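Keep in mind that this is a model prediction, so the values were computed, not measured. Numbers for residues simply follow the sequence, beginning at 1.
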Amino acid sequence: MYTNQFQTLVDVIRDRGKITDRGIRFIDADKRETFISYHQLFTEAQGYLGYLQAIGIKPKQEIIFQIQENKRFLVAFWACILGGMIPIPVSIGEDEEQNLKVCRIWNLLNNPFMIASENVLDKMKRFVLEHDMLDFHHQLEVRTDMIQDTIYHYESINNIVEPQSDDLAFIQFSSGSTGDPKGVMLTHRNLIYNTCAAINGTQISSNDSFLSWMPLTHDMGLIGFHLVPLVAGIHQYLLPTELFIRKPILWMKKVNEHKATILSSPNFGYKYFLNFFREDKAEGWDLSSVRVIYNGAEPILPEVCDEFLNVLSAYHLKKTAMFTVYGLAEASVAVSFPKVDEEFTAVYVHRDHLNLGSVSSKSRNMLNM
């Protein structure tokens with residue numbers, strides 16, 4: 001049983017920042033990976049915090065993230081947490097709906113600023129000009145900053161801001177937000193309790209490691225597959241979502257290579273992987289290291305789970321690995337977990353008998369016996 005030793009995320013990164021032999025491996029391509037220890041993450045975040053403070057960003061200021069690269073995203077995220085700023089991760093504006101969502105979120109905030117990748121910001125500026133959003137374009141010109149692929153060597157001007165456990169840590173907009181987006185206000189206490197509950201619910205130990213292709217703008221990506229392993233003090237491997245979409249086979253190839261034990265995917269990811277799977281691409285794979293594959297974020301189809309497990313059982317993936325979970329942004333991320341090391345079972349119910357006070361036909365027959 002994991003016993004919580006932290007009150008805030010600042011406590012977490014300060015303590016885990018002492019670790020030099022565990023951290024994050026960023027998988028940028030099949031043959032290109034970059035490792036940074038938790039110590040290095042803490043150090044780089046402090047440098048970037050100094051930069052943000054130098055350009056005038058203040059504690060409690062709301063910072064929209066439009067950052068494509070995972071490493072830059074996490075350095076900026078922890079810089080904001082350390083500086084008492086409020087990160088707001090938002091999916092990259094790849095299409096009109098996503099760009100409009102960013103605009104709507106901007107208009108909801110009190111004193112917004114944006115940190116963005118250069119190419120993302122350029123596309124957004126073109127989009128708002130094409131749609132005659134001249135006021136928003138002006139704000140983007142003066143209230144944004146492009147994060148570079150470099151290490152920022154700035155001394156923190158105001159040092160680290162020490163939050164209370166009930167202070168706001170960041171605002172999470174669920175991936176399904178449409179119309180007027182509604183942000184979930186997550187405190188340090190919310191996130192500490194939920195990550196610790198996930199650690200205990202999954203029976204995570206020092207022998208585990210996480211591997212994910214989920215975007216860091218999604219609660220499962222940021223909280224489930226970055227904060228949870230960081231709080232646990234264990235290795236994590238991050239694969240860009242767009243790389244998984246281009247080369248889904250790389251997901252399990254890297255699991256085999258790094259012997260990761262905890263994975264995640266919504267329902268579509270399993271089917272998508274199977275559509276590209278070929279036996280000749282999996283020669284020599286051993287997936288026996290995998291203990292848990294979180295399956296949530298979408299309706300779960302048992303037949304897809306069965307097909308995925310049956311195909312990969314030839315490579316020693318356990319039938320008990322499929323871990324069907326439920327979560328939502330309003331609860332940080334995790335709500336309900338099954339028991340570890342048990343095969344999932346499908347329960348079929350009739351929707352006409354799900355109303356309050358309804359009795360199913362089976363129960364009615366039992367009552368009449």
Side-chain angles (χ1 to χ4, degrees), residues 5-6 8-29 31-55 57 63 65 67-85 87 89 115 117 145-163 169-170 188 191-192 195 204 206-217 221-240 243 254 257-260 262:
Q5 56 183 302
F6 306 115
T8 70
L9 294 183
V10 172
D11 294 339
V12 173
I13 191 64
R14 181 187 285 119
D15 184 82
R16 296 318 190 207
K18 301 171 186 174
I19 297 175
T20 57
D21 60 343
R22 281 158 284 154
I24 310 167
R25 186 169 293 275
F26 297 96
I27 301 170
D28 301 313
K31 302 297 184 182
R32 189 171 74 250
E33 300 180 358
T34 303
F35 173 78
I36 67 168
S37 67
Y38 289 135
H39 172 75
Q40 186 177 345
L41 175 63
F42 182 44
T43 300
E44 289 197 32
Q46 289 180 86
Y48 190 59
L49 169 60
Y51 171 77
L52 292 178
Q53 291 172 340
I55 64 173
I57 307 302
I63 314 294
F65 279 30
I67 306 173
Q68 197 157 31
E69 304 82 8
N70 284 340
K71 180 177 182 288
R72 294 187 218 182
F73 182 106
L74 291 178
V75 168
F77 175 82
W78 284 108
C80 290
I81 294 295
L82 289 168
M85 302 147 193
I115 300 174
S117 301
D145 193 71
M146 291 180 292
I147 185 167
Q148 306 295 330
D149 184 19
T150 187
I151 297 176
Y152 289 77
H153 297 287
Y154 281 76
E155 292 296 329
S156 180
I157 298 170
N158 300 315
N159 297 316
I160 295 171
V161 174
E162 301 292 345
F170 68 91
H188 290 266
L191 294 159
I192 295 295
T195 52
I204 293 168
S206 59
N207 296 320
D208 283 307
S209 59
F210 280 55
L211 189 148
S212 170
W213 56 261
M214 300 286 284
L216 292 171
T217 52
L222 179 55
I223 304 173
F225 274 74
H226 173 62
L227 291 184
V228 169
L230 177 63
V231 171
I234 57 179
H235 280 302
Q236 53 185 284
Y237 302 88
L238 298 181
L239 189 86
L243 181 56
K254 289 299 178 178
E257 183 178 324
H258 294 295
K259 304 307 176 190
I262 300 178

Taking all heavy atoms of [X] and all of [Y], pick out the closest pair and write down the distance.
{"X": "D15", "Y": "F6", "answer": "CB-CE2, 3.6 Å"}
{"X": "L230", "Y": "Q236", "answer": "N-NE2, 3.9 Å"}
{"X": "I36", "Y": "K71", "answer": "CG2-CE, 3.7 Å"}
{"X": "G84", "Y": "V161", "answer": "N-CB, 3.9 Å"}
{"X": "S206", "Y": "I234", "answer": "CA-CG2, 3.9 Å"}
{"X": "V228", "Y": "F210", "answer": "CG1-CZ, 3.7 Å"}

- Please report the C-alpha distance between C80 and F65 in whole Å, then the side-chain angles of each, then the deciding distance to 0.1 Å, and finally whether the side-chain contact (heavy atoms from CB on, under 4.5 Å) criterion is met. CA-CA 11 Å; C80 290; F65 279 30; 4.0 Å; yes

Taking the side chain as everything from C-beta on, heavy atoms only, tell me whether [X] gets closer than 4.5 Å to [Y].
{"X": "M85", "Y": "Q53", "answer": "yes"}
{"X": "I67", "Y": "F77", "answer": "no"}
{"X": "H226", "Y": "I24", "answer": "yes"}
{"X": "I81", "Y": "V10", "answer": "yes"}
{"X": "T8", "Y": "E162", "answer": "no"}
{"X": "I27", "Y": "Y237", "answer": "yes"}

From [X] atom [atom1] to [Y] atom [atom2], the distance as rounded to the nearest 0.5 Å:
{"X": "L238", "Y": "L211", "atom1": "CG", "atom2": "CG", "value": "8.0 Å"}
{"X": "L216", "Y": "F225", "atom1": "CG", "atom2": "CZ", "value": "12.0 Å"}
{"X": "F73", "Y": "L222", "atom1": "CZ", "atom2": "CG", "value": "5.5 Å"}
{"X": "I204", "Y": "I262", "atom1": "CD1", "atom2": "CD1", "value": "4.0 Å"}
{"X": "W78", "Y": "E44", "atom1": "CH2", "atom2": "CD", "value": "14.5 Å"}
{"X": "I147", "Y": "I115", "atom1": "CD1", "atom2": "CD1", "value": "6.0 Å"}

- Short side-chain donor-acceptor distance under 3.5 Å, Y48 and Q148: no

- Item | Residue pair S117 / E69, side-chain donor-acceptor N/O under 3.5 Å | yes

- Would L41 and I13 satisfy side-chain contact (heavy atoms from CB on, under 4.5 Å), going step by step from the backbone distance to the final call? CA-CA 9 Å; L41 175 63; I13 191 64; 4.1 Å; yes

- Item | Plane angle bin for Y51 and Y152 - parallel if under 30°, tilted between 30 and 60°, otherwise perpendicular | tilted

Are the side chain of [X] and the backbone N or O of [Y] linked by a donor-acceptor pair below 3.5 Å?
{"X": "H39", "Y": "G17", "result": "yes"}
{"X": "R16", "Y": "Y38", "result": "no"}
{"X": "R25", "Y": "E33", "result": "no"}

- Task: Any chance you could lay out the side-chain contact (heavy atoms from CB on, under 4.5 Å) test for T195 and I223, step after step, and finish with the verdict?
- Result: CA-CA 7 Å; T195 52; I223 304 173; 4.0 Å; yes

- Task: Walk me through it: do L9 and I192 pass the test side-chain contact (heavy atoms from CB on, under 4.5 Å)?
- Result: CA-CA 7 Å; L9 294 183; I192 295 295; 4.1 Å; yes

